[in-house]
Amino acid sequence: MSDIIHLLPDSVANQIAAGEVIQRPASVLKELVENSIDAGATFIQIVIKDAGRTLIQVIDNGKGMSDTDARMAFERHATSKIKNADDLFSIRTMGFRGEALASIAAVAQVELRTRRSEDELGVLVEIAGTRVFKQEAVQCDPGTSFQVKNLFFNVPARRRFLKSDNVEKSHIFTEFYRIALVNSNVAFSLFDGDEEIFQLPASNNKVRIENIFGKNAKKRWQQQLLTIETSTNLVTIYGYVGKPEYAQKSGSQYFFVNGRYMRHPYFHKAVLLAYNQMIQTSESPNYFIYFEVDPQTIDINIHPTKTEIKFENEQAIWSILSATIKEALGKFNVVPSIDFDQEGAVDMPTGMSVENVRPPQTNFNPNYNPFGTTNYKRPVLDWEELYGDFEKKEVPIESSPSWQPNFDSPVMASVSSTGQQQTIENVDSHADNFQYKNRYIFTCIKSGLLMIDQHRAHTRILFDLYLSQMENSRGISQQVLFPEILELSNEDALFFEQIMPDLHLLGFEFEALKDSSYSVKGVSSHVGTSSVIDLLLEMIEKAKTTAYDASISLHESISLSLAESSSVKSGQRLTNEEMSDLIDRLFACANHNFTPDGKKIMSIFTQDELEKRF
Ligand code: ADP
Ligand code: MG
């Protein structure tokens with residue numbers, strides 16, 4: 001038999017690469033505008049038509065390109081921004097991979113006009129599906145204009161995958177904000193067809209925020225923003241945080257590092273924690289926070305469409321950030337008089353990362369699983385008799401292998417044997433616990449009485465566990481005898497494929513059947529009695545909405561779905577031992593004050609408050 005391996009033609013290779021970089025019109029906009037910023041533009045005009053489907057045009061007054069460069073720019077791995085591997089560690093530009101233009105040209109019809117100020121004539125390049133149709137000299141202004149027409153004209157599957165105009169436009173605005181908010185010295189205009197959406201003059205960050213979001217009078221930006229500023233040899237942090245009273249259901253929350261938007265769930269939690277008890281759990285504060293660090297200390301060389309950035313000094317910066325915000329809130333006298341952090345013994349040790357916080361050294365037997373009793377009958381309880389406003393029936397708890405922290409899982413065992421210990425001196429989890437309405441656990445602490453929402457507490461515990469399992473590639477699978485079938489639409493199947501590797505790490509196993517159906521062959525040992533199919537559907541739903549969500553990653557979204565569905569429910573009776581255990585494990589979590597989606601887990605009745613009642 002003859003040899004069968006051959007190299008793919010460029011047009012195919014580029015189209016495959018485009019699948020990664022260019023997902024929708026908003027990705028094109030992001031790449032083009034970032035190129036304009038890198039080219040030193042001070043004015044960038046953007047025009048979109050039909051939510052970017054038929055046209056995305058970006059015109060800048062940047063440095064332009066020579067005619068050779070104009071052609072070269074569309075080659076894969078062609079870039080002017082780095083030369084060698086060392087440069088990867090000192091990136092100051094937005095781009096550096098040299099794949100954006102090649103990808104765009106593989107899946108759209110592109111017209112480029114560009115001229116350097118020193119050249120008399122500019123150049124026009126027309127390219128579509130990686131084929132160059134035209135290259136000729138033209139009269140044009142200095143700078144660069146890209147017209148990207150009929151995105152995915154040659155990839156019908158991708159085209160069908162696009163959402164409604166409104167959704168695509170909102171993705172476009174999201175990308176636009178992320179760039180415009182951190183480049184306030186650059187003027188922007190954005191037109192949707194003939195309609196002017198934004199006209200942003202060059203300004204400073206605060207004015208830019210006002211110009212972008214000011215239309216929304218409810219937020220009253222000028223009044224609500226507190227300035228933060230700090231400079232250490234590790235990091236400079238500056239920007240604005242909203243006063244607590246302006247917190248909203250969905251706040252405007254932006255982090256930037258070295259001129260680049262980033263997601264950073266861990267720093268996000270530092271911010272939330274600084275607002276601890278000042279805002280409702282269902283609300284979140286607005287913030288616009290800019291970090292400057294030595295580019296050598298961050299890693300942006302991850303997936304092209306991802307916005308996560310790794311920091312070398314993450315824990316230290318966490319503490320600096322948290323302290324800076326607390327100080328700003330304190331200065332403006334918005335901190336309540338009872339400071340949870342000083343009062344309670346249960347505050348989060350600042351600067352401690354999730355990775356470093358280990359379960360406390362308690363005297364539990366690692367093989368003892370207090371929640372794992374099967375066919376356990378929930379007794380009718382005193383509290384139920386006293387407060388009979390909820391279901392009293394005897395409910396057999398189905399033989400559920402584990403809706404509970406899995407103490408004997410190898411992950412937990414190894415974590416606790418290697419990790420440093422966090423001791424919680426003032427919460428004596430073995431004394432004075434009681435459960436109220438089978439929903440809250442009360443326990444005495446030095447400074448008063450602590451009230452814990454059992455479902456939320458357990459959700460936090462499991463969430464941290466699942467997340468670390470995904471990151472450490474471990475999870476236990478239970479084979480099922482009669483596999484259930486998951487039937488999906490084509491679109492959902494795409495998302496499902498995206499989250500499948502993570503589900504696999506948690507212990508799920510699937511076999512692909514035809515027509516976007518999957519047989520569920522193995523189930524994570526953490527999934528309790530809830531329907532596996534419902535759970536998977538919910539995860540897919542979440543995965544869809546988190547694709548562009550700034551505050552939660554795919555890993556987190558999956559862990560959260562799983563944690564919510566498998567954690568102990570409100571209304572479930574817990575034994576004393578179970579309560580102690582829950583408390584111990586909760587305080588082993590780095591962020592034990594809030595659930596991953598920001599709901600309050602606990603509240604303290606201070607000694608003072610209690611005594612005042614008499
Ligand atoms: P990257 O930005 O990663 O270098 P791109 O494919 O986005 O890769 O762009 C390739 C090259 O084209 C850039 O390195 C730059 O030299 C040039 N280029 C792209 N857009 C512009 C622009 N608006 N003005 C000047 N040069 C540009
Ligand atoms: Mg680029």
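When reading the values below, keep in mind they use all heavy atoms of this one structure, side chains included, and skip hydrogens, waters and symmetry mates. Atoms within each ligand, like the ligands themselves, are counted from 1 in listed order.
- Checked for salt-bridge contact, R263 and E308 meet the test: a charged N lies under 4.0 Å from a carboxylate O.
- The nearest protein atom to atom 12 (O) of ligand 1, hydrogens excluded, is given as A73 CB, 3.4 Å; this is a heavy-atom distance.
- Ring geometry, Y238 versus Y290: the interplanar angle falls under 30°, so the pair is classed parallel (tilted spans 30 to 60°).
- Look at F146 and you'll find a heavy atom under 4.0 Å from some atom of ligand 1.
- With rounding to the nearest 0.5 Å, the separation of CZ in F188 from CG in D60 is 10.5 Å.
- The pair E126-K134 meets the salt-bridge criterion, since a charged nitrogen lies less than 4.0 angstrom from a carboxylate oxygen.
- Residues N313 and V235 fail the side-chain proximity criterion, which asks for heavy atoms closer than 4.5 Å.
- Ion pairing of E556 with K269 is present here, as a side-chain N (NZ or NE/NH1/NH2) and a carboxylate O approach within less than 4.0 Å.
- Considering backbone and side-chain atoms alike, L101 places an N or O below 3.5 Å from some N or O of ligand 1.
- In this structure, K81 has a heavy atom closer than 4.0 Å to ligand 1.
- At a heavy-atom distance under 4.0 Å, only side-chain atoms of D60, from C-beta outward, approach ligand 1.
- When only non-hydrogen protein atoms are considered, atom 25 (C) of ligand 1 lies nearest to A39 CB, 3.6 Å.
- Of the polar atoms of N35, at least one N or O is found under 3.5 Å from an N or O of ligand 1, judged by distance alone.
- On a distance-only criterion, S80 and ligand 1 share at least one N/O pair closer than 3.5 Å.
- Considering backbone and side-chain atoms alike, G98 places an N or O below 3.5 Å from some N or O of ligand 1.
- At least one heavy atom of A78 sits closer than 4.0 Å to an atom of ligand 1.
- Polar contact check, F96 against ligand 1: a nitrogen or oxygen pair lies under 3.5 Å apart.
- In this structure, K63 has no heavy atom closer than 4.0 Å to ligand 1.
- The residue from K163, R159, R24 that alone fulfils the salt bridge (Lys or Arg N to Asp or Glu O under 4.0 Å) condition with E168 is R24.
- Taking all atoms of both residues into account, the shortest heavy-atom contact from Q109 to A128 is CG-CB, 3.7 Å.
- Applying the 4.0 Å criterion to heavy atoms of A100 picks out, from ligand 1, the atoms 6 (O), 7 (O).
- Taking the charged nitrogens against the carboxylate oxygens, D165 and R53 do have a contact shorter than 4.0 Å, which makes a salt bridge.
- For atom 21 (C) of ligand 1, the closest non-hydrogen atom of the protein is M65 CE, 3.7 Å.
- Atoms of ligand 1 found under 4.0 Å from any heavy atom of R97, numbered from 1 in the order shown, are 3 (O).
- At a threshold of 2.8 Å, the Mg ion (ligand 2) has no backbone or side-chain N, O or S atom of M94 nearer than that distance.
- Using a 4.0 Å cut-off to heavy atoms of G95, the atoms of ligand 1 that qualify are 2 (O), 3 (O).
- Proximity of K149 to V110: side-chain heavy atoms (C-beta onward) are nowhere separated by under 4.5 Å.
- The aromatic rings of Y254 and Y261 stand perpendicular to each other, their planes meeting at an angle above 60°, with 30° marking the opposite boundary.
- Taking any N or O of T79, backbone or side chain, at least one lies under 3.5 Å from an N or O belonging to ligand 1.
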